[in-house]
There are 2 protein chains.
Amino acid sequence: MGRGRPRSVERRRAILDAAAELALGSQTLPTMDAIATRAGVSRTTLYKWWPSSAAVLLEGLLERFHASIEFDDDLPVRAALTAQVDALVHLLRDTPAGRLLRQLMSASITDAATATALLDQWMEPRRHAAIHHLERGMTIGEIRPGTDTALVVDALFAPAYHRLIWGHAPLDDDLAEHVCALVWPAITT
Amino acid sequence: MGRGRPRSVERRRAILDAAAELALGSQTLPTMDAIATRAGVSRTTLYKWWPSSAAVLLEGLLERFHASIEFDDDLPVRAALTAQVDALVHLLRDTPAGRLLRQLMSASITDAATATALLDQWMEPRRHAAIHHLERGMTIGEIRPGTDTALVVDALFAPAYHRLIWGHAPLDDDLAEHVCALVWPAITT
């Protein structure tokens with residue numbers, strides 16, 4: 001009816017933007033106070049919508065980097081999964097998201113709110129997107145029926161996180177392609 | 001000539017034992033002071049041999065869990081690698097090493113000494129053992145020549161660390177076998 005989006009939706013989005021920018025632009029994890037100040041809202045408003053600073057900023061990151069897990073069902077399954085792993089590699093290597101994710105993973109070990117937000121807002125949407133492609137692959141006959149999708153997703157994505165955390169080997173330009181090539185013969189029809 | 005091991009070797013081993021036991025038995029990472037007290041030596045002695053508490057305790061863990069990365073060149077390569085991944089899964093899931101490793105990985109993000117000790121005393125010996133088997137496999141014709149051993153090792157071992165850190169999926173009894181099965185068709189001759 002020409003009313004546009006409700007005001008609360010725009011306010012919510014402004015807060016998520018503020019949280020993401022603050023987190024990506026500073027060396028430490030932002031507090032609820034810092035996010036409230038940056039977004040120009042009260043702490044009470046923030047706590048009405050999110051239980052923790054980790055929850056706000058991870059939802060902000062999910063919005064910000066949503067393109068890296070968009071479904072593209074026109075691509076062959078292997079190309080779609082390679083693109084998703086490649087987007088992760090670039091995100092972790094070429095943007096402040098890599099440093100930020102390391103900080104969040106570190107914090108998650110002692111802070112349950114951070115652990116929950118990381119799983120809900122970072123890991124699960126990414127796993128869901130990848131599992132979607134594998135299931136699509138089983139439906140259209142590109143992927144072997146009965147494939148353990150949870151395991152395949154871990155095998156495809158874990159090496160990038162592993163190299164980010166340990167730093168023992170680089171996040172190469174061809175990492176995504178090579179990881180997919182390593183797994184593919186076992187799951188292709 | 002019947003003299004046994006030098007005294008310093010035994011003293012060193014006693015310190016490593018003390019560090020490993022302290023780390024595995026408490027909820028926080030031990031300080032140099034705590035390790036010195038437990039081992040009955042001075043801080044000066046400790047710092048003469050090791051640069052940081054992380055270095056002592058990770059060398060202690062390496063001694064303690066050395067069996068989990070022993071070479072066994074009589075096994076077929078796939079069996080040897082499956083056994084090594086399986087030993088890691090059990091170590092991370094069924095012993096206090098899992099909790100301890102999460103603490104160390106968390107600390108390593110802000111503490112360079114911990115990061116160095118983790119790489120030198122945990123990751124590199126394990127990677128070296130696995131790469132040894134892959135190279136042996138290329139020599140005896142079980143593994144495809146030109147295989148990217150660094151990538152294969154990450155693909156085999158990263159899922160276990162990934163599940164330890166994120167907690168999104170269990171460290172199953174059959175994880176090692178299934179991960180090896182997923183990678184094998186791409187690397188076997």
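When reading the values below, keep in mind they use all heavy atoms of this one structure, side chains included, and skip hydrogens, waters and symmetry mates. Numbers restart at 1 for each chain; the letters A, B, ... are given by sequence-line order, proteins then strands.
- Counting heavy-atom pairs under 4.5 Å between each of A/Pro159, A/Gly167, A/Ala150, A/Ala169 and chain B puts A/Pro159 at the top.
- A salt bridge is defined here as a Lys NZ or Arg NE, NH1 or NH2 lying under 4.0 Å from an Asp or Glu carboxylate O, and A/Arg127 with A/Glu124 meets this definition.
- Counting only residues at least two apart or in different chains, salt bridge (charged side-chain N to carboxylate O under 4.0 Å, His left out) contacts with residues 74-97 of chain B comprise B/Arg93-B/Asp173.
- The pair B/Arg12-B/Glu59 meets the salt-bridge criterion, since a charged nitrogen lies less than 4.0 angstrom from a carboxylate oxygen.
- Among B/Ala155, B/Ala160, B/Ala158, the residue making the largest number of heavy-atom pairs under 4.5 Å with chain A is B/Ala158.
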Only distances under 3.5 Å count here; give the side-chain donor-acceptor pairs of residues 112-122 of chain B to other protein atoms, sequence neighbours excluded, each with its distance to 0.1 Å.
unit_1	atom_1	unit_2	atom_2	d
B/Thr114	OG1	B/Asp111	OD2	2.5
B/Thr116	OG1	B/Ala112	O	3.0
B/Trp122	NE1	B/Tyr161	OH	2.9

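- Heavy atoms of B/Arg99 lying under 4.5 Å from chain A are absent altogether.
- Rounding to the nearest 0.5 Å places CZ of A/Phe65 at 11.0 Å from CG of A/Leu88.
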Assess the residue pair B/Asp72 and B/His133 against the criterion (side-chain hydrogen bond (donor to acceptor under 3.5 Å, both in side chains)); give the C-alpha distance rounded to whole Å, side-chain angles, the decisive distance to 0.1 Å, and a yes or no. CA-CA 9 Å; B/Asp72 186 347; B/His133 286 298; over 6 Å; no
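- Checking B/His178 against B/Asp172 by side-chain atom types alone, no donor-acceptor pair falls below 3.5 Å.
- Within residues 179-189 of chain B, the residues that have a heavy atom under 4.5 Å from a heavy atom of chain A are B/Val179, B/Ala181, B/Leu182, B/Val183, B/Pro185, B/Ala186, B/Ile187, listed by number.
- Atoms CG and CG, from A/Leu134 and A/Leu81 in turn, are 5.0 Å apart once rounded to the nearest 0.5 Å.
- Residues A/Leu62 and A/Pro125 form a side-chain contact, since some pair of their non-hydrogen atoms from C-beta on lies under 4.5 Å apart.
- B/Leu171 is not listed as a side-chain neighbour of B/His90, based on a closest heavy-atom distance of 4.5 Å or more.
- Below 4.5 Å, heavy atoms of chain B meet no heavy atom from residues 17-31 of chain A.
- To the nearest 0.5 angstrom, B/Phe157 atom CZ is 9.0 Å from A/His162 atom NE2.
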